[in-house]
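Structure first, commentary second.
What you are looking at is a predicted structure, and each value in this text was computed from that prediction instead of being measured. Every number for a ligand or one of its atoms is a count from 1 in the order of the listing.
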Amino acid sequence: MLELKGIVKVFNPGSINEKVALDGVDLFLQPGDFVTIIGSNGAGKSTLLNAVAGVFPVDKGSIILEGNDITRYPEHLRAAMIGRVFQDPLRGTAAEMTIEENLAIAFKRGEKRRLRRAITRREREIFREKLRALGLGLEERLTVKVGLLSGGQRQALTLLMATLKEPKLLLLDEHTAALDPKTARKVLALTEEIVEEKGLTTLMVTHNLDQALNVGNRTIMMHEGKIILDLMGAERERTTVSDLLQMFEKASGQQLHTDRLLLA
Ligand SMILES: Nc1ncnc2c1ncn2[C@@H]1O[C@H](COP(=O)(O)OP(=O)(O)OP(=O)(O)O)[C@@H](O)[C@H]1O
């Protein structure tokens with residue numbers, strides 16, 4: 001489904017700031033895999049998602065999505081296939097536009113650019129139905145500017161926009177980390193529902209170790225640009241948070257250290 005082969009990304013090569021952010025990453029995802037990614041600060045987690053999304057070209061290796069080699073595809077072409085939600089709720093939506101205008105943009109993702117046309121009644125019905133499923137009452141507020149929504153509402157909307165056109169792959173970069181705990185739980189539950197309903201193949205970066213083990217079906221751990229652990233199946237099921245910390249220490253020779261590590 002997604003195959004990463006020998007991915008290398010070096011920032012500022014040849015300078016004193018040279019940083020090998022991805023150091024030969026191999027990863028093979030089955031269709032419908034929901035993989036959580038954990039690791040220390042600077043391990044390369046966001047860089048991995050950026051490399052897949054095409055934010056920058058990689059220095060070595062290849063990225064294959066559903067049999068297509070997308071290694072050299074520019075970001076906008078990959079955006080037609082890949083949905084993404086960032087940590088910052090302000091990033092995925094346009095504040096000055098209304099809820100329905102934002103959804104209309106997501107709805108046309110991947111289509112050839114054409115003049116902006118009015119939203120049809122049928123589209124409005126679809127938007128209402130999708131918003132209703134979020135359970136936040138947004139279906140009654142289609143013409144409200146997104147800038148007026150709370151962070152959680154905005155993040156739920158971003159999630160909906162990222163999955164509206166059923167992407168081949170969904171990338172979640174700590175997308176609940178900036179929300180209060182209750183809202184974060186709600187957005188995570190929505191994520192699990194949407195991913196399950198559409199059977200989306202998903203990569204989710206988290207600093208919450210409990211989430212890392214209990215959300216999705218597979219956990220990978222990164223350290224210094226490499227994948228150092230890959231847990232799934234029965235082995236993952238019997239792994240506890242404290243086992244995970246020990247596994248990290250054993251595989252990396254260091255303690256797991258992040259500025260926002262959450263054990264539960
Ligand atoms: N655009 C960039 N230019 C230069 N260096 C970068 C760039 N992006 C990331 N890096 C560096 O690459 C390394 C990996 O960064 P990355 O953001 O992928 O880590 P991370 O695992 O997501 O960390 P965190 O948990 O702190 O968010 C870090 O040392 C970072 O400073």
Side-chain angles (χ1 to χ4, degrees), residues 2 4-27 29 34-61 63 71-72 74-76 78-79 82-92 151 155 158 162 169-179 184 187-188 191 202-213 215-216 218-231 241 244-245 247-249 251-264:
L2 176 72
L4 305 180
K5 293 190 213 155
I7 301 293
V8 172
K9 179 67 195 174
V10 183
F11 289 112
N12 308 312
S15 79
I16 50 161
N17 294 323
E18 180 170 302
K19 175 76 205 174
V20 182
L22 296 175
D23 191 5
V25 171
D26 293 311
L27 181 66
L29 301 193
F34 186 168
V35 180
T36 58
I37 308 176
I38 48 173
S40 326
N41 287 130
K45 304 179 292 294
S46 295
T47 304
L48 184 67
L49 298 200
N50 284 334
V52 173
V55 174
F56 42 66
V58 294
D59 298 309
K60 276 192 202 156
I63 304 170
T71 318
R72 311 224 166 274
E75 187 175 10
H76 74 272
R78 296 192 209 186
I82 299 175
R84 189 158 189 196
V85 187
F86 296 91
Q87 181 175 348
D88 183 355
L90 304 185
R91 234 178 124 172
Q155 208 59 330
T158 309
L169 186 67
L170 179 62
L171 303 177
L172 305 170
D173 198 348
E174 294 192 64
H175 72 307
T176 64
L179 307 175
V187 172
L188 185 65
T191 307
T202 304
L203 285 171
M204 179 177 93
V205 174
T206 179
H207 279 86
N208 181 318
L209 296 190
D210 187 55
Q211 260 179 30
L213 286 174
V215 175
R218 184 169 168 190
T219 306
I220 62 174
M221 202 177 246
M222 291 188 69
H223 182 64
E224 294 179 349
K226 293 191 168 76
I227 294 176
I228 57 166
L229 255 175
D230 189 349
L231 284 174
V241 167
L244 201 57
L245 287 167
M247 286 172 171
F248 182 85
E249 275 184 52
S252 70
Q254 293 177 17
Q255 286 197 335
L256 182 62
H257 176 73
T258 93
D259 53 358
R260 47 195 188 282
L261 183 68
L262 290 169
L263 300 179

Side-chain atoms of residues 47-59: list all donor-acceptor pairs with protein atoms under 3.5 Å, sequence neighbours left out, distances to 0.1 Å.
unit_1	atom_1	unit_2	atom_2	d
Asn50	OD1	Arg84	NH1	2.9
Asn50	OD1	Arg84	NH2	2.9
Asn50	ND2	Ser46	O	3.4
Asp59	OD2	Val10	N	2.6

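In this structure, a donor-acceptor pair under 3.5 Å is absent between the side chains of Gln155 and His175.
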Passes side chain to side chain contact (heavy atoms under 4.5 Å, CB included), Leu229 versus Thr219? Steps please.
-> CA-CA 8 Å; Leu229 255 175; Thr219 306; over 6 Å; no
Candidate pair Phe34 and Leu170, rule side chain to side chain contact (heavy atoms under 4.5 Å, CB included), full reasoning = CA-CA 9 Å; Phe34 186 168; Leu170 179 62; over 6 Å; no
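Distances from ligand 1 to the non-hydrogen atoms of Ser40 include at least one value under 4.0 Å.
Every atom of ligand 1 is numbered from 1 in the order shown, and the set under 4.0 Å from a heavy atom of Thr47 is 9 (C), 14 (C), 15 (O), 16 (P), 18 (O). Interface of His207 with ligand 1, defined as ligand atoms under 4.0 Å from a residue heavy atom, comprises 25 (O). Counting atoms of ligand 1 from 1 in the listed order, those under 4.0 Å from a heavy atom of Ala43 are 19 (O), 20 (P), 21 (O). For ligand 1, the atoms closer than 4.0 angstrom to any heavy atom of Gly44 are 14 (C), 18 (O), 19 (O), 20 (P), 21 (O). Counting atoms of ligand 1 from 1 in the listed order, those under 4.0 Å from a heavy atom of Asn41 are 23 (O), 24 (P), 25 (O), 26 (O).
The shortest N/O to N/O separation between Ser46 and ligand 1 falls below 3.5 Å. Remark: ligand 1 and Gly42 share an N or O pair separated by less than 3.5 Å (distance only, no angle test).
At least one side-chain heavy atom of Leu231 sits under 4.5 Å from a side-chain heavy atom of Leu244.
For the salt bridge (charged side-chain N to carboxylate O under 4.0 Å, His left out) condition, the pairs that include at least one residue of residues 5-25, sequence neighbours left out, are Glu3-Lys5, Asp23-Lys226.
Counting heavy atoms closer than 4.0 Å to ligand 1, residue Lys19 contributes side-chain atoms (C-beta onward) but none from N, CA, C or O.
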